[in-house]
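Counting convention: from 1, in listed order, for ligands and their atoms alike. From a predicted model like this one, the values you see are computed outputs, not experimental measurements.
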Amino acid sequence: MHSLVAELYPICRSITGDGVRRTLEIVGQHIPVATTEVPSGTPAFDWTVPREWNIRDAYVMNARGERVIDFQRSNLHVLNYSTPIHRKVPLAELRQHLFHDPAHPDCIPYRTSYYAENWGFCVTRQQLESLTEPEYEVRIDSSLTDGSLTYGECVLPGAVDDEVLISCHVCHPSLANDNLSGIAVAVHLARWLQAQPRRLSYRLLFAPGTIGAITWLSRNHERTSRVRHGLVLTCVGDPGSFHYKKSRRGDAEIDRAVAHVLSARGVAHEIRPFHPYGYDERQYCSPGFNLAVGCLMRSAWGEFPEYHTSADNVDFVTPSALADTLDLCKGVVDVLERNVVYRSTNPFCEPALGRRGLYRSTGGSGIGDENLARLWILNLADGDHSLLDTAERSGLSFALLADCAEELARHGLLVPVSSGASGE
Ligand code: ZN
């Protein structure tokens, strides 16, 4: 995953253009990806697909012919979606088009101007202060033309049509945690899912932020009724502890599944309520859709100093944090896949587990987690409680309960009533 982040890092992406296409091409070397091109001007609910932006080069050059600000050194130097320009610019005018971040003076900030035409450069304070000549040659060799918006999908069918939507944005240029980390985890989650037996179907969506998700939703309005669970993956590669933002519903199965897997790991994490700002969960959770989609992060966006600056680089994300996130996602998938509601075939008193070899001596004084898991499952197997309900109520891990329940079912002590959380 970390080498995929490193491979994608140099590409200058935006909400449209060749950077997204190249990114999806590389993703497509790992998993099957179908790309869709939606022409500029296409309406998408209250929005319109914008003109396509591409950039080849950009610089601010001093009188000695030196590039004092150079896109080739960092693509963050250019205000993303800058209109083309090539002329001498007086310093006073140039300053109006320079962006720096006083809170992080040594970093290049990431700034965009998608929907208001402008040109600009993003600089460190040192670069800003070094500009003392009366005028500079400014060149932004970009184009803003009728083209298309590009998104990619990897669909992995399961036994049922019910879908899990895994969504990540692909519009940021050289920024690693936000959100090459999300792309890398999604790719490797898909590779793992490909090798698993699947009850549910999975759709991994790689789309530009906001307009990409809105465009996808507008073209898949009816399909969204199949989306039972979803996760936006973002900022999942830094060493910080997990933050999970719940879906707008707040008590959806995905919300409970993530909370359970996080708490079962016994490490610090934070669960936050839904909020109508953030990433594309805003679109999936808009009232017309109200999909059960939450947002999984490690450090929360906007709350780590490297956020939207050149310090969010390949070194800021670590192989172990990426692997840890992937492992968490697999745990969540396991809950969604195996969250069955059972009914006991022996509801009158406990069935005799010992003679079936299902009550095993622990050799100590306690009952042991496996034996306790069987008792909890059998007690709550009333046709109303799911295994996730049982996990929450017992404090035992879902994986243990699911393994024990499958064993009890093989012994004829349980029959499945339905899949999925109760009360939905
Ligand atoms: Zn961002």
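Every residue meeting the side-chain hydrogen bond (donor to acceptor under 3.5 Å, both in side chains) condition with E281, not counting sequence neighbours, appears here in chain and number order: K245. Qualifying salt bridge (Lys or Arg N to Asp or Glu O under 4.0 Å) partners for R56, counting only residues two or more places apart in sequence or in other chains: D141. With sequence neighbours excluded, the residues forming a side-chain hydrogen bond (donor to acceptor under 3.5 Å, both in side chains) with E37 are R21, S148, T150, listed by chain and number.
We find that E270 and R272 are joined by a salt bridge, their nearest charged nitrogen and carboxylate oxygen being less than 4.0 Å apart.
Between Y114 and Y81, the distance from one ring center to the other falls under 6.0 angstrom. Residues Y307 and H104 place their aromatic rings such that the two centres sit no closer than 6.0 Å.
Around the Zn ion (ligand 1), protein N, O or S atoms at a distance under 2.8 Å total 3; waters are neither shown nor counted.
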